[in-house]
Chemist: 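I'd like to ask some things about the structure below.
Computed from a predicted structure; not experimentally measured.
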Amino acid sequence: MGLGILEDHKLEHVPGTANVLQDERRREDEDVHVRDANLKYDKTGKVLLVPQPSDDPNDPLNWPLWQRDVIVGILSLLSVIAATLSPLLAADTVSLAIYFQRSFTDMALLTGYHLLGVGLAGFLFVPSARIWGKRHVYLIGAITVIFSSAWGGANGKSYKSLLWARIFQGIGLAPFEALVNASVGDLYFVHERGLRMALSNMALFGGAFLTPVFVGKIAAEIGYEWTFYFVAIFTAAMLPFLFFFCPETTYKREQQFDIDTMGNLVEHTQETSKEAAASDESERTGNGVTEDHIPRRAKVSWKRSLLPFNGRHSDERYLHLLLRPFPLFFHPGILWACLIQGALIGWTVMIGVVLAAIMLGPPLWFGEEKTGYMYAGAFIGALVGFVLCGLVSDWSARFFTRLNHGVYEPEFRMFLVLPQLVLGCAGLYGFGFTSADSYKYGWFWPDFFFALEVAGMVCGAVASALYIVDAHRDMSVEGFTCLLVFKNVFSFALTFKGFEWIQRGKVQPVFTAIASVQVGICMLTVPLYILGKKSRSFFYRHNVFFKLTDAIADGVMAPLDWIAGKGSKKHEA
């Protein structure tokens with residue numbers, strides 16, 4: 001049992017588990033430096049590269065680190081812009097309700113249906129990204145953000161027109177919210193992912209909290225329409241960088257290199273190493289022809305890399321991949337990630353929805369500008385969460401790996417749930433307590449606890465994303481789809497009930513109940529940490545989730561396949 005994680009005795013090597021560091025204790029006992037010459041290590045020679053890079057120059061893992069960081073930087077900047085869309089109207093709830101002569105709930109639903117658009121579009125985009133790569137989906141998303149934001153600004157005082165613009169903004173946001181974390185998994189080794197994953201999540205969530213600070217001021221000075229126009233302008237400015245400097249990151253990797261997902265990372269004996277090397281040599285050269293006598297795969301030209309599509313990256317069919325995320329909501333690891341990330345994001349959305357109403361009355365009498373300034377605390381909280389995750393995520397994983405004699409377990413990423421429990425839940429309790437009595441506590445303390453809640457939210461988001469990438473990278477795209485759908489549908493539901501709950505139950509009792517639920521969700525980490533390795537082994541051996549949806553997809557596609565087969569035979573005749 002490694003650091004409280006129950007061992008599995010069904011598989012010799014469980015997917016996700018990796019021997020990434022040398023076992024110092026074993027080396028001392030044997031007085032020998034054990035290192036497999038057939039596997040690749042980092043520059044120090046101490047950290048095994050997981051997954052293993054191939055010899056193909058088109059493998060993203062072989063690209064220079066600066067190029068990979070530029071790609072993630074561009075995607076993160078676009079994520080910041082796209083993330084502004086969800087809270088774009090948070091500071092304007094009261095003024096827009098008067099402007100459109102609608103209720104607070106109708107104004108909240110401008111955000112709610114936007115989030116629903118994100119979730120539903122994610123289901124459609126992700127299978128396409130899995131088959132044809134992520135590049136074309138990012139381009140479609142950026143273009144959709146541009147035209148929908150221009151549309152939102154020019155709605156002509158039509159609530160229905162603005163509502164549809166918000167839905168299309170959600171569709172444009174979906175690729176960045178669903179796939180950027182998966183791109184980090186494409187581009188980096190396990191020991192490099194923590195800081196970059198924190199950065200990508202900071203872009204998605206931090207930008208969302210800085211937005212209302214500016215939106216309130218912009219709306220008060222030149223009109224809320226310009227908040228939409230600025231999004232369109234900045235996204236249009238970033239589009240050339242996306243087009244010219246972000247090639248496809250999806251790579252169809254041979255199973256022998258996916259040593260973290262295929263469960264085949266072994267401490268090779270000399271004989272097995274030779275067999276693996278001979279097998280690899282045979283696959284690459286074929287029929288006794290030496291590698292020196294065949295040309296290596298050429299690197300794709302920069303001009304060709306600009307194409308939106310660069311062939312298929314999966315042999316799976318679209319309908320199969322479309323249906324696969326549905327049953328994963330019952331997968332213990334995926335369900336845990338959905339709850340850890342999605343629930344606290346939902347509570348954050350609820351705070352944003354009710355914030356203007358809470359601060360509207362006496363003694364504060366906040367308008368849209370001052371309500372927007374309240375998000376400064378949330379943004380600071382996001383920065384704190386980002387810095388904390390950046391400092392702790394990779395360090396803690398390496399620390400626990402050393403304690404575990406060089407064996408890395410994805411459950412080590414769950415350490416980040418501890419700051420979520422402390423900061424996030426304290427923020428929820430504190431926000432409810434202090435915002436219920438603004439006469440006594442004013443605006444500072446609600447804003448302070450809002451910052452704590454957001455810091456905890458970022459920690460949970462990073463923990464869940466890293467766990468999915470490290471523990472279930474072979475189905476990480478489907479896993480991130482589940483995260484996307486859960487958090488957006490859950491948040492959509494809260495926009496229906498947020499004001500009603502506050503009106504019926506008062507602020508403090510509602511947030512006390514919410515915080516208590518979040519404590520319970522965080523405590524679910526304990527059993528999953530203990531049983532996580534056994535769970536990974538079981539579902540690797542019994543693919544019960546995909547078998548059901550694949551059978552349904554096969555049944556739906558059977559008539560079309562039969563017609564296609566008839567047409568093919570007729571053509572041959």
Chemist: Looking only at heavy atoms, what is the nearest atom pair of V454 and A378, with distance?
Modeler: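 Closest approach of V454 to A378: CG1-O, 3.3 Å.
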Chemist: Run the salt-bridge test on E409 and K533 with the 4.0 Å N-O cut-off and return the result as yes or no.
Modeler: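 Looking at E409 and K533, the cut-off is met.
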Chemist: Ring-plane angle category for F399 and W395, please: parallel below 30°, perpendicular beyond 60°, tilted otherwise.
Modeler: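 Rings of F399 and W395: parallel, under 30°.
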Chemist: Report yes if some heavy atom in the side chain of L187 is under 4.5 Å from a heavy atom in the side chain of W63; otherwise report no.
Modeler: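 In contact.
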Chemist: Are Q169 and F228 close enough that some pair of their side-chain heavy atoms sits under 4.5 Å apart?
Modeler: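 Yes, close enough: below the 4.5 Å cut-off.
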Chemist: Tell me if a side-chain donor or acceptor on R312 pairs with a main-chain N or O of S314 at a distance below 3.5 Å.
Modeler: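 Judged by distance alone, yes, a pair lies under 3.5 Å.
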Chemist: Ring centres of Y251 and H313 under 6.0 Å apart?
Modeler: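 For Y251 and H313, the ring centres are not under 6.0 Å apart.
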Chemist: Nearest 0.5 Å please: distance from the CD1 atom of I380 over to the CZ atom of F450.
Modeler: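 Nearest 0.5 Å value for the CD1-CZ distance: 12.0 Å.
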Chemist: Distance check, rounded to the nearest 0.5 Å: R317 atom CZ versus L323 atom CG?
Modeler: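 Answer for the CZ-CG pair, R317 versus L323, is 12.0 Å.
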Chemist: Run the numbers on S393 and L416 for side chain to side chain contact (heavy atoms under 4.5 Å, CB included), then give the verdict.
Modeler: CA-CA 7 Å; S393 57; L416 288 174; 3.9 Å; yes
Chemist: Between F545 and F330, is the ring centre distance below 6.0 Å?
Modeler: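 Aromatic pair excluded; centres sit 6.0 Å or further apart.
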Chemist: What pair of heavy atoms forms the shortest contact from G333 to L528, and how long is it?
Modeler: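 For G333 versus L528, the nearest heavy atoms are CA-CD2, 4.1 Å.
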Chemist: Please check if atom CH2 in W151 has more than 12 non-hydrogen atoms from other residues, nucleotides or ligands closer than 6.0 Å.
Modeler: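 Check passes, neighbour count above 12.
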Chemist: About how many Å separate CG of L335 and CZ of F329, when rounded to the nearest 0.5 Å?
Modeler: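 These two atoms lie 9.0 Å from each other.
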Chemist: Exactly one of Y429, W501, F431 should register a side-chain contact (heavy atoms from CB on, under 4.5 Å) with F511. Which one does?
Modeler: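 Exactly one pass, corresponding to F431.
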Chemist: Looking only at the aromatic ring of each residue, does the gap between the centers of F326 and F123 stay below 6.0 angstrom?
Modeler: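 Here the rings of F326 and F123 have centres that are less than 6.0 Å from each other.
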Chemist: Between F241 and C246, is a side chain to side chain contact (heavy atoms under 4.5 Å, CB included) present by the stated rule, with each step listed?
Modeler: CA-CA 7 Å; F241 293 94; C246 289; over 6 Å; no
Chemist: Can a donor-acceptor pair be found, under 3.5 Å and without considering hydrogens, that links the side chain of S86 to the backbone of A83?
Modeler: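 No, S86 side chain to A83 backbone: no donor-acceptor pair under 3.5 Å.
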Chemist: Are the side chain of S535 and the backbone N or O of L531 linked by a donor-acceptor pair below 3.5 Å?
Modeler: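 Checking the backbone N and O of L531 against the side chain of S535, no donor-acceptor pair under 3.5 Å is found.
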Chemist: Any idea how Y529 and F412 line up, ring-wise: parallel (<30°), tilted (30 to 60°), or perpendicular (>60°)?
Modeler: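 Plane angle between 30° and 60°, so tilted.
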Chemist: For the CZ atom on F230, are there more than 12 heavy atoms of other groups (residues, nucleotides or ligands in this structure) within a distance under 6.0 Å?
Modeler: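 Result for CZ/F230: enclosed.
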Chemist: Which heavy-atom pair separates T249 from P60 by the least distance, and what is that distance?
Modeler: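 That closest heavy-atom pairing would be O-CG, 3.3 Å.
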Chemist: Would you say the side chain of T84 lies within less than 4.5 Å of the side chain of V231, judging by non-hydrogen atoms?
Modeler: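 With C-beta onward as the side chain, the pair touches.
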Chemist: Strictly distance-based, threshold 3.5 Å: is any side-chain N or O of D8 a donor or acceptor partner for the main-chain N or O of L11?
Modeler: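 It does hold such a pair.
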Chemist: Evaluate the side-chain proximity of L85 to S149: yes if any heavy-atom separation is below 4.5 Å, no if none is.
Modeler: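 Side chain of S149 against side chain of L85, heavy atoms only: contact under 4.5 Å found.
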Chemist: Return yes if a side-chain donor-acceptor contact under 3.5 Å exists between Y113 and T495, otherwise no.
Modeler: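 Per modelled atom types, Y113 and T495 side chains form no pair under 3.5 Å.
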Chemist: Scan side-chain atoms only and decide if K134 and T250 contain a donor-acceptor pair under the 3.5 Å cut-off.
Modeler: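 There is such a pair between these side chains.
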Chemist: Ion pair present between D470 and R536, side-chain N to carboxylate O less than 4.0 angstrom?
Modeler: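 R536 and D470: not salt-bridged.
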Chemist: Quick one: sort the W347 and F490 rings into parallel, tilted or perpendicular, breaks at 30° and 60°.
Modeler: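 The rings of W347 and F490 stand perpendicular, inter-plane angle above 60°.
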Chemist: What distance do C425 atom SG and I514 atom CD1 have between them, rounded to the nearest 0.5 Å?
Modeler: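 Between C425 SG and I514 CD1, I get 11.5 Å after rounding to 0.5 Å.
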Chemist: Taking the six-membered ring of Y467 as reference, does the cationic atom of R413 (NZ for Lys, CZ for Arg) lie under 6.0 Å from its centre and within 45° of its axis?
Modeler: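 So R413 doesn't make the cation-pi contact.
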Chemist: Under a 4.5 Å cut-off applied to non-hydrogen side-chain atoms, are L173 and H114 in contact?
Modeler: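 Side chain of L173 against side chain of H114, heavy atoms only: contact under 4.5 Å found.
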Chemist: What I want to find out is whether K252 reaches D315 closely enough, with some N-O distance under 4.0 Å, to be called a salt bridge.
Modeler: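 The answer is yes: the pair qualifies as a salt bridge.
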Chemist: Between S200 and V184, what is the shortest heavy-atom contact and its length?
Modeler: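 For S200 and V184, the tightest heavy-atom pair comes out as OG-CG2, 4.1 Å.
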Chemist: For the residue pair W132 and F309, does the interplanar ring angle fall in the parallel (under 30°), tilted (30 to 60°) or perpendicular (over 60°) class?
Modeler: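 W132 and F309: perpendicular rings.
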Chemist: A side-chain contact here means heavy atoms from C-beta on lying under 4.5 Å apart; do T111 and R166 qualify?
Modeler: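 T111 reaches R166 side chain to side chain.
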Chemist: Taking C-beta and beyond as the side chain, do P247 and R135 meet within less than 4.5 Å on heavy atoms?
Modeler: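 Counting from C-beta outward, P247 and R135 never come under 4.5 Å.
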Chemist: Quick one: closest heavy-atom pair of L428 and A515, and the distance?
Modeler: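 Minimum heavy-atom contact is CB-CB, 3.6 Å.
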Chemist: Using only atom types and a distance under 3.5 Å, with no angle test, would you say the side chain of Q420 pairs donor to acceptor with the backbone of I340?
Modeler: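 At least one qualifying donor-acceptor pair exists.
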Chemist: Is the side chain of Y188 donor-acceptor paired with the backbone N or O of R68 at a distance under 3.5 Å, no angle test?
Modeler: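 Answer holds: yes.
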Chemist: Taking C-beta and beyond as the side chain, do V118 and E177 meet within less than 4.5 Å on heavy atoms?
Modeler: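 Yes, at least one pair of side-chain atoms sits under 4.5 Å.
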Chemist: Out of curiosity, K534 NZ to L6 CG, how far, rounded to the nearest 0.5 Å?
Modeler: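 Reported to 0.5 Å precision, the distance equals 6.0 Å.
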Chemist: Of all the heavy-atom pairs spanning A129 and L179, show the shortest one and how long it is.
Modeler: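 So the two residues come closest at CB-CD1, 3.7 Å.
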Chemist: Is T549 reaching over with its side chain to a backbone N or O of F546, donor-acceptor style, under 3.5 angstrom?
Modeler: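 A pair under 3.5 Å: yes.
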Chemist: Test H472 against F539 for side chain to side chain contact (heavy atoms under 4.5 Å, CB included), laying out the working first.
Modeler: CA-CA 10 Å; H472 304 291; F539 291 112; over 6 Å; no
Chemist: Would you compute the distance between atom CD1 of I146 and atom OG1 of T235 and round it to the nearest 0.5 angstrom?
Modeler: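 With rounding to 0.5 Å, CD1 (I146) is 6.0 Å from OG1 (T235).
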Chemist: Between F400 and F415 (judged by ring centroids, cut-off 6.0 Å), do the two rings come close enough to count as a pair?
Modeler: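 Yes, ring centres under 6.0 Å apart.
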Chemist: Output, in order, the C-alpha distance, side-chain angles, deciding distance and verdict of side chain to side chain contact (heavy atoms under 4.5 Å, CB included) for S183 and L75.
Modeler: CA-CA 9 Å; S183 290; L75 292 177; 4.2 Å; yes
